[in-house]
*Asks:* 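Have a look at this one before I ask anything.
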Amino acid sequence: MIILGIETSCDETAAALVERRADGSGKILANIIRSQLAEHAAFGGVVPEIAARAHVELLDHLIEQALAAAGLSLADCDAIAATAGPGLIGGLLVGLTTAKTLALAAGKPFLPINHLEGHALTARLSDNIAFPYLLLLVSGGHTQIVLVKGLGQYQRLGTTLDDALGECFDKTARLLGLPYPGGPAVEQAAQRGRAGRLALPRPLLGAPGCDFSFSGLKTAVRRLVLRETDDGQRVLSRQAVADIAAAFAAAVSAIVTDRLSHAFALYHRLVPPPAGQRPVLVAAGGVAANSALRRAMQDLCAAQGFAFVAPPPALCSDNAAMIAWAGAEHFAAQKAGAAAAAPQGGLPAGLDCVARARWPLDQAAPAKIGSGRKGAKA
Ligand code: KG4
Ligand code: ZN
């Protein structure tokens, strides 16, 4: 089956075509992404209204480009999938409305997709891995450890109590005078830094459970910047920027591997050991593109008997191939059985769905951060 996927939940406008074969493996036929970095750069972060307008201007062109790149027309698609949440509501509305309209006009089923599920299932597209697996989802709006038991079966084991890790990278970059998005900039600076010259705290290290906290780390970076600039009297030297970035990277790796080692123990208790098979840790989300963090996770997995799978960096950050793939997985499950795509009120299923700013993967897990300014996707 061939699925058209559309992603507009934040500052990337994206359209992709993905094929799911009968054996359950997947293939990306086209994957077009247009980042709105330039539009938001002056503001040091994503401006929701600007993002929504940019999606309106770009999306139909990108869909045309994706179809042309794959050598396909809308008629060749079996269904159309779009991110319905969580995310910035204006952008979600653009993608959803476009996808619903195309589905209605072309007479195709429409599949509303949870953006987080797109991240969670990407490793099945890139590496064809089987359920169950442990997932570390680290992005600009989310930091979660999730037990992925099967399609639609997600148990949250840990989450952030305050900032998301990507948000912490972005804020650290801003404090260091590095450009947005902060993750890649901090990663590059850290490579020039002298490891061990500066120390930063590691919140919740060793604490029971798998939750994260990053706001103390961010505050400590601010203090370090003040110390290195004599309370703002001097500009931060290039070397000081690199040294602080290196201290930040070291703290992040230590925190993430500590929380994951707790999750590994939990995983062993929750999932019956598969015969002769190593359990799998999957990393997903924009921060999973960080090579130092990937190395740290690789080492942890090697030491603790887990296999480590991380999709290629381009599939870790936001894209529409992951939305098309999640659509393909659901569509295949619908076709295979129980939850058949029954028309609702004469319309193909899903056309009455609404955009959702918040939409947790694990609906049963209690919220650990309240509503308010915690990022649109928190
Ligand atoms: O998954 P994503 O593209 O969008 C969200 O769903 O949030 O993640 C974006 C986040 C940003 O905070 C960005 O700074 C971070 O991922 N990021 C990185 C790296 N590349 C992107 N963080 C650390 N190292 C990187 N190489
Ligand atoms: Zn994302």
Side-chain angles (χ1 to χ4, degrees), residues 5-14 16 31 33-37 40-41 44-46 48 51 83-88 91-92 95 113-123 135-144 146 160 163-176 178-191 214 217-218 221 245-246 248-253 255-256 282-297 310-323 325-326 357-361 374-378:
I6 291 172
E7 158 63 33
T8 57
S9 68
C10 193
D11 60 341
E12 259 97 26
T13 317
N31 189 19
I33 304 175
R34 170 69 164 72
S35 173
Q36 304 169 6
L37 281 184
H40 301 284
V46 179
T83 305
L88 301 172
L92 290 170
I113 300 300
N114 182 319
H115 176 90
L116 303 175
E117 189 175 43
H119 281 303
L121 299 175
T122 301
L135 169 75
L136 172 75
L137 175 53
V138 272
S139 69
H142 293 272
T143 302
Q144 293 181 8
V146 178
T160 182
D163 294 345
L165 183 51
E167 193 181 353
C168 193
F169 265 96
D170 295 334
K171 286 176 177 168
T172 294
R174 212 193 295 203
L175 288 167
L176 296 178
L178 297 171
Y180 178 85
V186 171
E187 176 172 12
Q188 275 175 22
Q191 285 158 5
F214 292 109
L217 180 57
K218 179 187 65 191
V221 169
F248 178 79
V252 166
S253 288
I255 293 166
V256 171
V282 167
V287 185
N290 187 287
S291 46
L293 191 57
R294 283 166 97 108
R295 274 197 304 278
M297 288 190 279
L315 290 180
C316 283
S317 48
D318 288 352
N319 64 85
M322 69 182 193
I323 302 304
W325 175 252
R358 286 165 194 262
W359 185 1
L361 259 189
K374 282 296 175 194
K377 295 195 243 171

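All of these numbers come straight from a predicted model, not from anything done at the bench. Atoms within a ligand are numbered from 1 in the order they appear, just like the ligands themselves. Count residues from 1 along the sequence.
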*Asks:* At less than 4.0 angstrom from any non-hydrogen atom of His115, what atoms of ligand 1 do you find?
*Replies:*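 Matching atoms, with element in brackets: 6 (O).
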
*Asks:* Look at atom CZ of Arg174 and say whether more than 12 heavy atoms of other residues, nucleotides or ligands are closer to it than 6.0 Å.
*Replies:*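 For Arg174, atom CZ is not crowded (no more than 12 foreign heavy atoms under 6.0 Å).
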
*Asks:* As a check for students: among Pro86, Gly140, Gly183, Cys10, identify the option with a heavy atom nearest to atom 9 (C) of ligand 1.
*Replies:*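 Comparing heavy atoms across Pro86, Gly140, Gly183, Cys10, the nearest one to atom 9 (C) of ligand 1 lies in Gly140.
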
*Asks:* Does any N, O or S atom of His142, backbone or side chain, fall under 2.8 Å from the Zn ion (ligand 2)?
*Replies:*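 His142 does not place any N, O or S atom closer than 2.8 Å to the Zn ion (ligand 2).
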
*Asks:* Please identify which atoms of ligand 1 are closer than 4.0 Å to at least one heavy atom of His119.
*Replies:*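 Close to His119: 1 (O), 6 (O).
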
*Asks:* Quick check against the 3.5 Å criterion: does Thr122 have a side-chain atom that pairs as donor or acceptor with the backbone of Met322?
*Replies:*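 Checked: no pair found.
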
*Asks:* Calculate, to the nearest 0.5 Å, the distance between atoms CD1 and OG1 belonging to Ile6 and Thr13 respectively.
*Replies:*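 Rounded to the nearest 0.5 Å, the CD1-OG1 separation comes out at 11.0 Å.
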
*Asks:* Search all heavy atoms of Pro181 against all heavy atoms of Asp170 and return the closest pair with its distance.
*Replies:*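 The answer is C-OD1, 3.7 Å.
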
*Asks:* Which value, rounded to the nearest 0.5 Å, describes the distance between Phe248 atom CZ and Phe214 atom CZ?
*Replies:*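 These two atoms lie 7.5 Å from each other.
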
*Asks:* Give the numbers and elements of all ligand 1 atoms closer than 4.0 Å to a heavy atom of Gly182.
*Replies:*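 Within the 4.0 Å cut-off of Gly182, ligand 1 contributes 14 (O).
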
*Asks:* Checking the side chain of Glu187 only, and the main-chain atoms of Ser291 only, is there a donor and an acceptor separated by less than 3.5 Å?
*Replies:*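 Checking the backbone N and O of Ser291 against the side chain of Glu187, a donor-acceptor pair under 3.5 Å is found.
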
*Asks:* Check Ala51 against Cys10 and note the closest heavy-atom contact, atom names and distance.
*Replies:*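 Heavy atoms only, the tightest pair is CB-O, 3.8 Å.
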
*Asks:* At a threshold of 2.8 Å, where the distance has to be below it, does the Zn ion (ligand 2) have an N, O or S atom of His119 nearby?
*Replies:*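 Yes, His119 qualifies, because one of its backbone or side-chain N, O or S atoms lies under 2.8 Å.
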
*Asks:* Could you list the atoms of ligand 1 found under 4.0 angstrom from a heavy atom of Ser139?
*Replies:*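 That gives atoms 1 (O), 5 (C), 6 (O), 7 (O), 8 (O) of ligand 1.
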
*Asks:* List every atom of ligand 1 that sits less than 4.0 Å from any heavy atom of Gly166, numbering the atoms from 1 in the order shown and giving each element.
*Replies:*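 Per the distance check, 12 (O).
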
*Asks:* So, for Ser9 and Thr83, which heavy atoms are closest and what is the spacing to 0.1 Å?
*Replies:*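 That would be CB-CG2, 3.9 Å.
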
*Asks:* Could you say whether the N/O atoms of Ser317 and ligand 1 ever approach to under 3.5 Å?
*Replies:*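 N/O-N/O distance under 3.5 Å: no.
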
*Asks:* Just let me know how Asp170 lines up against ligand 1, side chain, backbone, both or neither, with a heavy-atom cut-off below 4.0 Å.
*Replies:*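 For Asp170, only side-chain atoms sit under 4.0 Å from ligand 1.
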
*Asks:* Are the side chains of Leu178 and Val186 in contact, using a 4.5 Å heavy-atom criterion?
*Replies:*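 Contact flag for Val186/Leu178 side chains = yes.
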
*Asks:* Please confirm whether Glu12 comes within less than 3.5 Å of ligand 1 when only nitrogen or oxygen atoms on both sides are compared.
*Replies:*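 For ligand 1, there is no N or O atom that lies under 3.5 Å from one belonging to Glu12.
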
*Asks:* Which of the listed options, Gly118, Gly286, Gly141, Cys316, holds the heavy atom that is closest to atom 20 (N) of ligand 1?
*Replies:*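 Going through Gly118, Gly286, Gly141, Cys316 one by one, Gly286 has the nearest heavy atom to atom 20 (N) of ligand 1.
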
*Asks:* Determine, using heavy atoms of His142 and all atoms of ligand 1, whether some pair is separated by less than 4.0 Å.
*Replies:*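 No; His142 lies far enough from ligand 1 that no heavy-atom distance drops under 4.0 Å.
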
*Asks:* Looking only at N/O atoms, are Pro181 and ligand 1 under 3.5 Å apart anywhere?
*Replies:*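 Looking only at distances, the answer is no, because the N/O contact criterion of under 3.5 Å is not met.
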
*Asks:* In ligand 1, which numbered atoms sit nearer than 4.0 Å to a non-hydrogen atom of Glu187?
*Replies:*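 Here the atoms of ligand 1 in question are 24 (N), 25 (C), 26 (N).
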
*Asks:* Which single N/O/S atom of Asp318 lies at minimum distance from the Zn ion (ligand 2)?
*Replies:*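 The atom in question is OD1.
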
*Asks:* Within the distance-only criterion (no hydrogens, no angle test), does the side chain of Arg294 pair as donor or acceptor with the backbone N or O of Ala288 below 3.5 angstrom?
*Replies:*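 Confirmed, Arg294 side chain pairs with Ala288 backbone.
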
